[in-house]
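Whatever order the structure lists them in is the order used to number ligands and atoms, beginning at 1.
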Amino acid sequence: MNLSQFPRISLAHLPTPLEAMPRLSKLLGGPKLYVKRDDCTGLASGGNKTRKLEFLMADALAQGADTVITQGAVQSNHVRQTLAAAARLELDCKILLETRVPDAPDTYNTSGNVLLDGLFGADIDYRPSGTDMDAAMEELADTLRDSGRKPYVIPGGGSNRVGALGYVDCANELTAQIADRGLPVTKIVHGTGSTGTQAGLVAGLVALNSSIDVIGVSVRADEKTQIAKVHALATETAKYIGVEDGVAESRVQVRDQYVGDGYGIPTEGMLEAVQLCAQYEGILLDPVYAGKGMAGLIGMIRNGELTEEDAVVFLHTGGSVALFAYDWFFNPKNKKLKADE
Ligand SMILES: *Cc1c(COP(=O)(O)O)cnc(C)c1O
């Protein structure tokens, strides 16, 4: 799939590595596990939003914007990466943060991504949970236009058809790595939130005629809602890149039993996933997305859905700086896991 018709600027360190996870594979039994290291995209400690921003920021510049506006949860990785990209590109950046995690301890509101946002000189406004954040961004954009500015609004998580191009490109990159190394990969698993990652991957794989399945582990919405949202954006993205036949809804798979009590609220499964990846592979996950995504992968191995017939790529979408904002959760619970040998 050739994306050269779309404006793009280089922000990410690409290609990201595709690595085996031999110790975790052995411990869990079942499929051979690999990890696609999109936590290593490089910008401001990396993550999946950087791929999307290569296309979104290029679009903003092409439209003559002098300011970008975006929004997220307090510990948004998307906001951190957008601020860093804006700094590099000499764009103003206005941020709206939704206080989405109830009763969060102090470090949640000051450490991790929030601390880094401050280093980027972020101009942040807070909104209460449940605010219509898209409407709030449009209102802010109107105010800026009235004062002669040229704002460009980036949706939460950078998830629209422009941002999703970043994951169409990742589908290209990953399938090439898989083919080069002759790996028998059957499935890709990752945490899904604002949907651009899964939608872009699915659209890209359909465009490539690849039969690899993508399973999104929801971090917020129920399965039906998330499938509908991912499918809508995957369809729109496929059309945008010229895939005439669209995307069958059956290409969009979501599991919602790993959310726990809600977005950003820790679960025991996430804790186990974070500890296992750290102690068996030396890889840091995050508490909100990759931790729950990996909890989903572990769950699907244990419930027999993923077997030794499969070879699975876990797409590591980044976010480990948020670990510091959850010290209150990890600190008393951290322990050395029992060796498998
Ligand atoms: C945003 C994010 C995701 C989810 O990606 P979407 O495209 O929003 O579905 C996963 N992991 C991390 C670390 C993220 O920051």
Which atom pairs, donor and acceptor, lie under 3.5 Å between side-chain atoms of residues 214-227 and protein residues at least two apart or in another chain?
from, atom 1, to, atom 2, distance (Å)
S218, OG, R220, N, 3.2
S218, OG, A221, N, 3.1
S218, OG, A221, O, 2.7
D222, OD1, K224, N, 3.2
D222, OD1, T225, N, 3.0
D222, OD1, T225, OG1, 3.0
D222, OD2, T225, OG1, 2.8
Q226, NE2, T192, OG1, 2.8
Q226, NE2, G193, O, 3.0

Taking a hydrophobic cluster as the set of Ile, Leu, Val, Met, Phe, Trp and Tyr residues connected by side-chain heavy atoms closer than 4.5 Å, whether directly or through intermediates, do L24 and M300 fall within one such cluster?
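Linked, L24 and M300 end up in one cluster.
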Could you point out which residue of I301, V185, T186 forms a side-chain contact (heavy atoms from CB on, under 4.5 Å) with D310?
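When side-chain contact (heavy atoms from CB on, under 4.5 Å) is applied between D310 and each of I301, V185, T186, only T186 qualifies.
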Any side-chain hydrogen bond (donor to acceptor under 3.5 Å, both in side chains) involving residues 115-139? Give me the pairs, sequence neighbours left out, ordered by first then second residue.
K94-D123
Give every residue pair that meets the side-chain hydrogen bond (donor to acceptor under 3.5 Å, both in side chains) criterion with at least one member in residues 161-170, sequence neighbours excluded.
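Every pair satisfying side-chain hydrogen bond (donor to acceptor under 3.5 Å, both in side chains) with a residue in residues 161-170: R8-D169, D38-Y167.
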Regarding R149 and D66, does a basic nitrogen lie under 4.0 Å from an acidic carboxylate oxygen?
yes
Residue by residue, ordered by chain and number, which ones reach under 4.0 Å of ligand 1 with a heavy atom?
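Residue list for ligand 1: N48, K49, K52, N77, S159, G191, T192, G193, S194, T195, G196, T197, Y289, T317, G318, G319.
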